[in-house]
Every structure is written in C-alpha cells, then in structure tokens.
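Heavy atoms only: backbone and side chains are in, while hydrogens, waters and symmetry mates are out. So you know, we letter chains A, B, ... as the sequences are listed, proteins then strands, and number each from 1.
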Number of protein chains: 2
Amino acid sequence: MESTRDAPRVTIADVAREAGVSKGLVSFALNDRPGVSAETRARILQVAGTLGWTPSLRARSLSSKRSFALGLVIARDPEVLGSDPFFTSFIAGVETILAPEGLALVLSVVPDEPTELQTYRTLVTDGRVDGVFLSDLRRDDARIPCLAELGLPAVTLGRPDQPSPFPSVSIDDTDGVAESVRHLVELGHRRIAHVAGSPAMLHGGRRRDAFSAAMSAAGLGNGQIVETDFSIAAGADATRVLLSQPERPTAIVFASDPMAIAGIGVAQELGVSVPDQLSITGFDDIEFARYVYPALTTVGATPMVWGRTAATTLLGLIRTGSAADVELPAARLIIRGSASSPTSH
Amino acid sequence: MESTRDAPRVTIADVAREAGVSKGLVSFALNDRPGVSAETRARILQVAGTLGWTPSLRARSLSSKRSFALGLVIARDPEVLGSDPFFTSFIAGVETILAPEGLALVLSVVPDEPTELQTYRTLVTDGRVDGVFLSDLRRDDARIPCLAELGLPAVTLGRPDQPSPFPSVSIDDTDGVAESVRHLVELGHRRIAHVAGSPAMLHGGRRRDAFSAAMSAAGLGNGQIVETDFSIAAGADATRVLLSQPERPTAIVFASDPMAIAGIGVAQELGVSVPDQLSITGFDDIEFARYVYPALTTVGATPMVWGRTAATTLLGLIRTGSAADVELPAARLIIRGSASSPTSH
DNA sequence: TAGCCAACCTATACCGGTTTAGTCGCCGCC
DNA sequence: GGCGGCGACTAAACCGGTATAGGTTGGCTA
C-alpha cells in the first residue's frame with residue numbers, strides 16, 4: 001500500500017524546484033501559454049507527471065477568478081419535475097462535454113421564480129459557476145435581465161421572446177406539432193383538440209400556435225384548445241373535460257408525453273378506446289411512450305443532444321466571449337399505435 | 001442604478017479597516033469562534049452588513065480546504081435514468097437542506113462503474129466536494145472501499161452488505177413488498193409472480209427475498225421470479241414471458257413502478273385485462289402511478305424525505321466527524337385500482 | 001561595436017480568506 | 001509587589017496558484 005495517507009500535497013513549487021525553474025514558468029507551461037521554450041515545457045510537464053502533480057483547483061479558482069463549473073437551476077415543483085425525464089437526459093448530455101474538460105455541474109432545484117433569481121445571485125456572488133443554462137424559457141422571462149445585470153454568461157434553451165444578450169440553442173418544435181396535425185388529418189380526423197402546455201412558457205405557447213396554424217392550414221378552424229400548466233394532473237383534467245363534451249374530439253394532440261400518457265389513462269377510464277375512438281399524440285418521446293398501450297405516437301425530442309450542444313455553446317461563450325445561436329434539427333413525428341383512423345362514429 | 005459595475009469587491013480587509021480591527025479578528029467573528037468580545041463581534045458584523053461584505057467562497061475554500069459543496073454521482077444509462085423520478089425528488093429534498101446553508105450540489109451522471117470510480121477520484125483530488133451521497137447500492141459495492149480509501153465522507157442510501165465506515169440512511173422496503181403479497185393473497189390470488197430488479201443491486205435482491213419470504217409465509221412456495229435490470233424494457237419483456245406461459249400468474253408484483261407500468265402496457269397489448277385477469281402492483285409511487293389506467297397499486301417511497309435526511313446526516317458527519325445510521329419509516333402499500341380479486345377460471 | 005529587440009525566464013506581488021504565534025493589559029494570589 | 005494566567009486582539013505566515021514587472025541572453029542591425 002503506497003500510503004498517500006497524510007502525504008503532503010504536491011504543489012507547483014515542488015514541480016518548479018524539481019524542474020529547476022520558477023513557479024511562474026510552471027504555470028505558463030501548464031496553461032500552454034507562449035514564452036516557454038518547447039524543451040523546457042516538455043521537461044516541466046514530464047516532471048509534473050512523475051511527481052503526480054495536479055494543480056489545485058481551489059488555488060486556481062482564487063487567483064484566476066474562475067470556478068471551472070457550470071450551473072443549472074431548475075424551478076419546478078419536484079413532483080412534476082420527477083415525471084419529466086427531460087432534465088436527466090439533458091444533464092447526461094451536458095456531462096459528456098464537461099467531464100473530459102474537468103468541469104463540474106452545479107445543480108439547483110428550487111420551488112419558485114423568486115428563489116430561482118436569488119439562487120442565481122448567490123451563484124454569482126459566491127463565484128460558484130462560470131456560466132449557466134437557462135431552461136424552460138418563460139414569456140418576458142425575468143431571468144434574462146437578471147442574468148444580464150449579474151454579468152453571468154448564459155445560454156438559453158430556446159429563443160427568448162425578448163432582446164437577449166445570450167446565445168440560444170433551440171430546436172424547432174412547431175414542425176413536429178404541425179406534422180402531428182397533418183398525420184391526424186390524413187388519417188381522417190376533423191375534430192382535433194389540443195391539450196396545450198402553460199402559455200406562460202415559451203414552448204407551451206409555441207406549440208399551441210403551431211397547432212392552431214396547422215389546423216387552419218387544414219381548413220379546420222383553430223381547433224379546440226385547453227391550456228394547462230404542463231403537469232400530469234392538468235393533462236388528465238384537460239382530457240376529462242374534452243371527453244365529457246357532447247361532441248367530443250376524435251383526436252387530441254398533447255403538448256407533452258406525460259400529459260398524453262395521462263390522457264390515455266383517462267380515456268381508458270372513461271371507456272373510450274384508444275386509438276379506435278380517440279387518437280392521441282404526444283411530444284417528447286420519453287421512454288414510457290414506447291411502453292404504454294397503445295404505444296404513443298409522439299414527436300421525438302433529443303434532450304441529450306440538446307445538452308451536449310448547449311454545453312459546447314456555453315463553453316465557447318465563456319472562453320471566447322461570444323457564441324452563435326444554434327438551431328438543432330427539428331423534432332420529428334414518430335408514428336406508433338396511439339393514433340389511427342377514426343372509426344365510423 | 002447603483003452601479004455595482006466594476007465596483008471592486010469588498011474584502012475582509014475593508015471590513016477590518018472600517019471596524020478598526022485586524023483581518024484575523026473579522027474572520028474569528030464571522031465563524032463565531034471564541035476570542036472576540038461580544039461588543040467587538042457585534043460591531044464587526046454590523047460593519048460587514050453595511051459594507052455588504054460576503055466572504056469569498058474561493059478564498060475560503062483555498063485556506064480552509066473545504067469546498068462547501070456535496071456531490072452526487074449517478075451511474076446509469078441516461079435513457080433509463082430518465083424514467084426514474086427518484087433522483088429528481090431526492091435532489092429536491094437534498095436542496096432544501098443545502099440551499100439555506102449556502103452549500104451547493106455537484107452532480108455527475110456517468111455511464112458505468114469504472115467512470116464512476118474515476119469521477120470520485122477526480123472529485124477528491126480537485127477537492128470539489130466535502131462529501132458524497134452513495135445511491136443505488138450494489139452487492140459488494142466497489143465504491144465503498146474506494147471512497148474509504150479516498151477518505152471522502154459519504155452517506156449510503158440503504159445499508160450496504162459489507163463492512164462500511166459510512167453512516168447509512170435507509171428505508172425498509174421489504175415490508176411494502178410483503179404487504180403487497182399479503183394484499184394479493186387476501187384478494188384471493190395464489191399464482192403470484194415477481195418481476196424483480198437487478199440482483200446486483202441491493203434493493204433488487206432485498207425486494208426479491210421479501211417476495212419469496214412473503215410467499216412462503218402464505219404457504220405458496222417461493223413464487224415465480226423473473227430477474228431484470230430494473231429497466232422498463234426488461235420489465236416489459238419479463239411480463240411478456242410470464243403472460244405467455246401455459247399457466248400464467250393471476251398477479252404480478254413488480255419491483256418498480258416503471259416496470260409495473262410497462263407491465264400494464266404489455267398485458268393490455270396481449271389482451272389480458274388488468275385487473276380482471278391480471279393484478280399488478282408496483283413499487284415507488286411515481287407520479288405516473290396515479291395516472292395510468294388502472295391506477296397503480298404500489299408501495300410509496302418518499303425520496304424527498306430521503307434526500308433531506310441523507311443531506312442532514314452527511315452534513316452531520318462532515319461537521320462532527322461521525323453520524324448515526326437513520327432508518328426512515330417503512331414504505332407502505334397504497335391501494336389503487338390495478339389489483340383486484342381474480343376472476344373465476 | 002554599440003544598440004536593440006525578441007525570446008526565455010525569475011522574482012514577487014497578488015487573490016482573499018484562515019490560522020498561529022505572539023503582544024498587551026488586567027486581575028487574582030501568595 | 002512580583003508572578004502566573006487569561007481574554008482580547010494584532011501581525012504575519014500560509015493556502016497554491018496566476019499575473020506582471022523586470023532581468024538575461026543572444027542574434028541581428030546600423
């Protein structure tokens with residue numbers, strides 16, 4: 001047992017002494033900066049290697065005023081959050097970029113917006129992170145001016161509805177909704193309803209508008225729309241409302257998979273057979289979508305790719321001071337079993 | 001606009017000067033340590049307040065060799081991870097304790113165990129965290145000796161099957177499984193099967209053993225058991241296997257809700273009506289459990305409480321050097337609609 | 001051959017806290 | 001009245017890096 005136990009940490013000074021150079025030069029070599037001859041640099045790195053030196057993150061943080069960490073603050077009811085696999089996949093994607101760079105992810109889950117803003121402030125005054133991901137964009141989002149004022153680099157997941165100094169990484173989700181509607185129309189549906197997400201959230205409003213537009217384009221008016229807060233419970237309630245009408249829709253386009261799955265549940269409970277009497281489409285393609293019965297026809301998002309791209313963009317912004325907006329490939333409709341031609345009536 | 005823009009940071013030296021004392025004394029006052037008269041302490045804190053001084057986390061980290069952060073490393077396929085709401089709730093619970101203390105949570109999602117162990121090492125050499133949560137305990141878990149050797153404080157979620165220097169926070173889940181079996185037996189079931197989790201994971205094996213024990217206790221032998229890796233796909237496959245037997249079970253006890261929900265889907269797909277022809281119980285009480293049809297009879301875990309308790313325990317361990325094991329109230333059966341008396345035949 | 005610049009490297013002052021080794025005044029006690 | 005001891009406080013070292021203002025060298029120009 002090569003007891004590293006209580007072994008005093010190897011510092012930059014040890015490396016400098018051993019290599020016969022000054023601390024400063026070791027630092028230069030480490031951060032491969034000009035002003036070190038190739039030969040010396042190699043020697044320094046070699047000595048560092050044999051000594052097993054790892055620069056102290058803490059010391060580096062203090063003197064360079066960086067923290068080598070990125071932040072993600074999620075403001076949601078944890079119960080609701082749990083059923084949404086978006087973040088776990090997103091985070092996994094982020095990690096694939098951060099880990100090799102030796103960067104960490106600091107995660108906060110907070111109950112509401114005021115706490116969220118406060119969390120960002122603390123993150124900044126503590127210098128806990130070098131940048132943050134801004135997800136679940138809201139209408140007139142208070143976080144954008146807040147972060148801008150704090151001077152914290154950020155990347156928005158989706159394009160904000162207001163002037164924003166931050167690059168955005170977005171995915172076109174309107175196309176998927178339009179595709180869903182077209183698919184249903186082609187199957188022969190005419191009374192198509194939409195269980196929308198929260199209008200306060202950008203993607204909620206966007207998908208709703210895409211639904212309306214697609215309906216108009218098909219010559220079916222605006223289509224009936226029920227707004228929710230994206231929660232499973234609200235999705236279930238909305239479905240109940242739609243199905244208890246005298247002339248109920250033959251198809252429902254849901255703004256998210258969790259709501260769609262709850263919708264299937266409600267339909268079954270009411271004795272409305274899916275897809276025979278009611279076709280259902282979702283959005284996200286969460287893992288459950290493939291395993292409920294009937295398997296959910298839905299629009300496939302790619303949160304892992306999103307995470308990876310957002311991380312790359314944010315790193316670029318931090319390192320170079322600027323980064324371009326990125327538009328990910330549009331989410332596409334995945335046809336499974338929950339939507340079919342409407343039966344007679 | 002009181003431009004904090006470019007305002008040089010207020011440091012401990014400013015506070016010291018303003019209060020007419022030395023830096024050291026300010027530090028003492030801040031960390032309320034003896035050796036400061038009540039009067040002086042009050043003055044210092046008052047000055048700090050009016051100056052708006054927040055001690056620099058980075059400087060504190062460097063000199064005190066603490067990082068004011070806790071870590072959670074999750075080793076799972078992100079796809080599988082997504083459908084398990086355990087972690088998001090757990091994390092939310094952890095946050096309720098950390099946030100008020102000004103501590104952060106560093107999260108890592110890694111694909112496999114080697115990477116996981118490497119991540120712990122990096123976390124330690126970087127001094128990124130002051131302690132970690134150890135979840136998803138495995139048989140003969142390599143992480144325990146690894147962390148012990150690294151000298152990193154940790155709390156295990158559940159009791160390990162090996163000598164462990166770390167406190168554990170556990171919840172009795174065997175009771176809930178036993179309750180499920182008893183419930184089914186009382187309903188009149190005799191052919192009860194179990195879709196188990198991974199035997200490599202402690203809770204997988206424990207629930208399976210609890211199932212066997214309960215079956216024996218009911219005089220029903222050991223009961224048929226199919227082992228899985230806890231993934232939804234495996235849960236679906238296992239159900240398919242069970243239901244395609246000549247003499248199929250009239251009830252299945254699943255080791256997790258996601259698998260149980262997949263089980264309901266498979267049953268429906270095969271035209272086996274739930275609960276009439278097949279009763280199903282789950283474990284976890286994830287949010288979806290209430291919204292599928294029929295609503296899932298399951299065992300209610302409380303991940304948020306678990307998170308809160310684990311955080312408290314870990315903090316105690318870090319601050320005092322020792323902490324006692326905690327046993328949370330046992331998870332109880334929640335009766336909904338997915339289990340009923342078996343019909344005739 | 002002095003002059004100059006570039007390339008390479010050193011010395012040292014930071015970053016902003018914590019911690020330790022004292023200093024000082026004052027009280028109690030023999 | 002000298003001494004021990006204690007509480008309050010200061011000065012300075014220290015944590016382990018980064019940044020910057022010089023100092024050498026050597027080659028090239030004028």
Side-chain angles (χ1 to χ4, degrees), chain A residues 6-45 47-48 51-69 102-103 124-128 130 318-319, chain B residues 6-45 47-48 51-69 102 124-128 130 319:
Chain A
D6 289 347
R9 186 191 176 87
V10 180
T11 76
I12 197 172
D14 301 324
V15 176
R17 187 175 345 96
E18 196 72 15
V21 297
S22 69
K23 285 192 347 176
L25 207 61
V26 176
S27 174
F28 274 44
L30 173 72
N31 301 308
D32 40 30
R33 240 209 284 280
V36 190
S37 76
E39 188 193 3
T40 312
R41 177 190 312 274
R43 180 161 41 93
I44 291 176
L45 294 180
V47 169
L51 254 49
W53 174 61
T54 313
S56 151
L57 195 74
R58 291 179 182 137
R60 276 203 335 145
S61 286
L62 177 58
S63 54
S64 70
K65 297 181 185 314
R66 286 178 294 164
S67 44
F68 306 95
L103 305 174
V124 169
T125 58
D126 282 359
R128 195 68 94 155
D130 297 326
I318 291 170
R319 312 228 237 239
Chain B
D6 289 345
R9 189 192 172 88
V10 179
T11 77
I12 198 173
D14 301 324
V15 176
R17 189 176 344 99
E18 196 72 15
V21 297
S22 68
K23 285 191 346 177
L25 208 62
V26 175
S27 175
F28 275 45
L30 173 71
N31 302 307
D32 39 29
R33 238 209 285 279
V36 189
S37 76
E39 188 192 3
T40 312
R41 176 189 312 273
R43 179 161 41 92
I44 290 174
L45 295 180
V47 169
L51 253 49
W53 174 62
T54 314
S56 151
L57 196 73
R58 292 183 181 132
R60 244 146 72 95
S61 286
L62 178 58
S63 53
S64 69
K65 297 181 185 313
R66 287 177 293 164
S67 46
F68 307 96
V124 169
T125 58
D126 282 359
R128 195 70 94 153
D130 297 326
R319 311 228 237 240

Q: Send over the distance from A:Arg33 CZ to C:dT10 C1', rounded to a whole Å.
A: 16 Å
Q | Residue-phosphate contact under 4.0 Å: B:Trp53 side-chain N/O, C:dG16 OP1/OP2 | A | no
(Q) From CZ of B:Phe28 over to C1' of D:dA11, roughly how many Å is that when rounded to an integer? (A) 12 Å
(Q) Within the 4.0 Å heavy-atom criterion, would you say A:Gly20 contacts the bases, only the backbone, or no part of the nucleic acid? (A) sugar-phosphate
Q. Please give, in whole Å, the distance from C:dT19 C1' to B:Leu25 CG?
A. 13 Å
**Q.** Atom-pair distance (CZ on A:Phe68; C1' on D:dG16), nearest Å
**A.** 13 Å
Name each donor-acceptor pair under 3.5 Å that joins a side chain in residues 30-44 of chain A to protein atoms two or more places apart or in another chain, with its distance.
unit_1: A:Asn31; atom_1: OD1; unit_2: A:Arg60; atom_2: NH1; d: 3.1
unit_1: A:Asn31; atom_1: ND2; unit_2: A:Ser27; atom_2: O; d: 3.0
unit_1: A:Ser37; atom_1: OG; unit_2: A:Thr40; atom_2: N; d: 3.2
unit_1: A:Ser37; atom_1: OG; unit_2: A:Thr40; atom_2: OG1; d: 2.6
unit_1: A:Arg41; atom_1: NH2; unit_2: A:Arg33; atom_2: O; d: 3.3
unit_1: A:Arg43; atom_1: NH1; unit_2: A:Ala19; atom_2: O; d: 2.3

Q | B:Ala38 vs B:Ser64, nearer the 5' end of DNA chain D by closest nucleotide | A | B:Ala38
Q: Can you measure from OG (A:Ser63) to CG (B:Leu62) and round to the nearest 0.5 angstrom?
A: 8.5 Å
Q. Quick one: which of D:dG16, D:dC9, C:dT10 gets closest to the side chain of A:Ala59?
A. D:dG16
Q: Please round to the nearest 0.5 Å and tell me the distance separating atom CZ of A:Arg17 and atom CD1 of A:Ile12.
A: 12.0 Å
Q) Is there a side-chain contact between B:Trp53 and B:Val26, using heavy atoms and a 4.5 Å cut-off? A) yes
Q. Reckon A:Val36 touches a base, only the sugar-phosphate, or nothing at all at heavy-atom distances under 4.0 Å?
A. sugar-phosphate
(Q) Would you say A:Thr40 places a side-chain N or O within less than 4.0 Å of OP1 or OP2 belonging to C:dC9? (A) yes
Q. With a 4.0 Å cut-off on heavy atoms, is B:Thr11 in touch with a base, just the backbone sugar-phosphate, or nothing at all?
A. sugar-phosphate
(Q) It should be established whether B:Ser37 places a side-chain nitrogen or oxygen under 4.0 Å from OP1 or OP2 of nucleotide D:dG7. (A) no
Q. What is the distance from CG of B:Leu30 to P of C:dG16, rounded to the nearest Å?
A. 16 Å
Q: Remember a base hit wins even if backbone is also touched, and classify A:Ser61 as base, sugar-phosphate or nothing at under 4.0 Å, heavy atoms.
A: nothing
Q.
Taking 4.0 Å as the cut-off, does a side-chain nitrogen or oxygen of A:Arg58 come that near to OP1 or OP2 on D:dC15?
A. no
Q.
By nearest atom, which of the nucleotides D:dT18, D:dC9, C:dC15 is closest to the A:Lys65 side chain?
A. C:dC15
Q | Under-3.5 Å donor-acceptor pair between B:Lys23 side chain and C:dG17 base | A | yes
Q. Are A:Arg60 and D:dT18 close enough that a side-chain N or O sits under 4.0 Å from OP1 or OP2?
A. yes
**Q.** Atom-to-atom span, CZ of A:Arg43 to C1' of C:dC9 - whole angstrom
**A.** 11 Å
Q. Does B:Ser63 place a side-chain N or O at less than 4.0 Å from the phosphate oxygens OP1/OP2 of D:dC15?
A. no
Q: Can you figure out which of D:dT10, D:dG16, D:dA8 approaches the side chain of B:Leu62 most closely?
A: D:dG16
Q.
Just the rounded figure in Å: distance from C1' of D:dT18 to CD1 of A:Ile12.
A. 8 Å
Q. Picking from C:dG17, D:dT10, D:dG16, which would you name as closest to the side chain of B:Pro55?
A. C:dG17
Q.
Side chain of B:Ser22 only, heavy atoms from C-beta on: which candidate in D:dG17, D:dT10, C:dT18 is closest?
A. D:dT10
(Q) Checking the side chain of A:Arg9 only, and the main-chain atoms of A:Thr54 only, is there a donor and an acceptor separated by less than 3.5 Å? (A) yes
Q.
Using a heavy-atom cut-off of 4.0 Å across all strands, would you classify A:Val26 as base, sugar-phosphate, or nothing?
A. nothing
Q. Could you give the CG-to-P distance, from B:Asp14 to C:dG17, as a whole number of Å?
A. 9 Å
Q | Where A:Ser61 and A:Ser67 come nearest, the two heavy atoms and their spacing | A | OG-CA, 3.9 Å
